There are 2 protein chains.
Amino acid sequence: MKAHKEKKSSNLADRIYQQLKSDIFDFRLMPGDRFSENEIAERMGASRTPVREALFRLQRESYVDVLFRSGWQVKPFDFDYFEELYDVRTILECAAVRKICEQENNSPKLDDLIRIWCVPESERLEDGNTLSRLDERFHEMLVEAAGNTEMARIHHDLTERLRIIRRLDFTKPPRIDATYQEHSSILEAIQHRRCEQAQIQLRAHIESSRNEVRKITLHMLHEARMHSGKADNDD
Amino acid sequence: MKAHKEKKSSNLADRIYQQLKSDIFDFRLMPGDRFSENEIAERMGASRTPVREALFRLQRESYVDVLFRSGWQVKPFDFDYFEELYDVRTILECAAVRKICEQENNSPKLDDLIRIWCVPESERLEDGNTLSRLDERFHEMLVEAAGNTEMARIHHDLTERLRIIRRLDFTKPPRIDATYQEHSSILEAIQHRRCEQAQIQLRAHIESSRNEVRKITLHMLHEARMHSGKADNDD
DNA sequence: GCATACCAACTTGTATACAAACAGGTGTGC
DNA sequence: GCACACCTGTTTGTATACAAGTTGGTATGC
């Protein structure tokens, strides 16, 4: 009765949604760019209907805005916005750590985390892209281990929204090493139920990642603007 | 019914969204009910297009589900889900209190709150419905006073989702009195920057409200099922 | 040369038409 | 009486047609 198939492939709207999102992520659609539904529909080889569905989803996730009968716009970069998301992320993850520390037995998720991150240096991964995704999963799994699926869902949304700037964090080996070091240290504190210590370390970890990203983002955005041959728009 | 001015919002989809949501809230659409887009479109006197837009929004907010080419369904009541939302709410609000306590000067929002809630008994409101909305605003303003608009937005979403069961809290005078008492006490603690105490009180306040709602919800749902002549579905 | 009014092209919002797939009933073969 | 195939109506997914409003350019008046 409930075993309905979920055919993702037959859903044009989903595909367009994903495509548009990655266009935004990869700066093929620049912050501030304006476009119309017809334009997208033509480029995607579809009609306006699924395009609109995709755009409404992106709008709700605050990637784009609709101007009344006057086209759509990729939301301009708003650093305050990302700062706020980082803050909420920190709050949720610290709360998750607290919940985990209140559990008597390790949840399977926690054990998985330990297996992944508490490894000798020789077994550590080095690829930036891979590690970027793995880092995302570390923080997500931490929240999942707390056992509140709605909290995990909200945190997952935050992660999605932050990915556009966060993946810039793993471009240099020092940050990669630091990540392994900090993650394993946090997990160890959790394992010994040192709640306060774990939270402090987690907060510091997020903060240092955030600082790194702050610097790189500005640079990247500037680069992208230059390559696209567009002038900086500062009025 | 409600003599609201028709705002000529020019947005049919929005109106349909609001209407459907209140249909769900008032149990005109029962949890588990199945319906089709045409059915809704006909009842609303509109075409399927804006109806679909409204339904997709409600789906994203997890009020309804779409079954592949087989109609829509009002999401069945899931008490674990509401419990989880309450948890996240508590986490966010406690974090907000912490942020507020770290501010040196009172934000205007905080002063507003004090003006509303720290009043002599004679000036207190008594109407359950009014107070229900006012209570929502208390918690929302608390988060807004912390100064993180994204956190406030997420909290606002939680509030929306919890309203369906939360408004059942203010049906009895004792809870009304207790609410005034607890809110003013929390605000006082915040004003004196007693962070820990404020958080503990807030947590207890939410918890007692939650307990009250837990009891009433079960009863209400049962009533609604009886009146609609439907059998309980406990698989 | 400048300001303003108007028009035409374009944009989103809504309605309708068509396609694909599922569900449930019905008839047929045994 | 029962099982199974088929057919028909209903459902969502997608495309297209139409309506209403905005925008930007152009022509005209001064």
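Here the structure is a predicted model, which is why all the values come from computation and not from measurement. Just the heavy atoms: all of them, side chains too, but no hydrogens, waters or symmetry mates, feed the values below. Each chain gets a letter, A, B and so on, in the order its sequence line appears, and its residues count up from 1.
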I want to check one thing: is the phosphate of D:dT12, taken as OP1 and OP2, less than 4.0 Å away from some side-chain N or O of B:W72? yes

So does A:R52 get a side-chain nitrogen or oxygen closer than 4.0 Å to the phosphate oxygens (OP1/OP2) of C:dT12? no

Between [atom2] of [N] and [atom1] of [X], the distance in whole Å:
X     : N      : atom1 : atom2 : result
A:F56 : C:dT14 : CZ    : C1'   : 11 Å
A:L67 : D:dT23 : CG    : P     : 9 Å
B:F35 : D:dT10 : CZ    : P     : 18 Å
B:E53 : D:dG13 : CD    : C1'   : 16 Å
B:R15 : C:dG13 : CZ    : P     : 15 Å
B:N11 : C:dT14 : CG    : P     : 5 Å
B:R34 : D:dT10 : CZ    : P     : 15 Å
A:R57 : D:dG13 : CZ    : C1'   : 15 Å

May I ask you to decide whether B:R153 forms a salt bridge with B:D157, counting only side-chain N to carboxylate O separations under 4.0 Å? yes

Quick one: do A:K99 and A:E102 make a salt bridge, cutoff under 4.0 Å? no

Where each residue is assigned the nucleotide of DNA chain D containing its nearest heavy atom, which of A:T49 and B:V66 is assigned the position nearer the 5′ end? B:V66

Side-chain donor-acceptor pair present, [X], [Y], cut-off under 3.5 Å:
X      : Y      : value
A:N38  : A:E42  : no
B:E93  : B:H155 : yes
B:E150 : A:Y86  : no
A:T90  : A:R210 : no

Should the side chain of B:S70 and the base of C:dA23 be counted as holding a donor-acceptor pair, with the cut-off at 3.5 Å? no

Could you identify which residues of residues 36-48 of chain A place a heavy atom less than 4.0 Å from some atom of DNA chain D, listed by residue number, or say none? A:A46, A:S47, A:R48

Report yes if the distance between the aromatic ring centroids of B:F56 and B:W72 is under 6.0 Å, otherwise no. yes

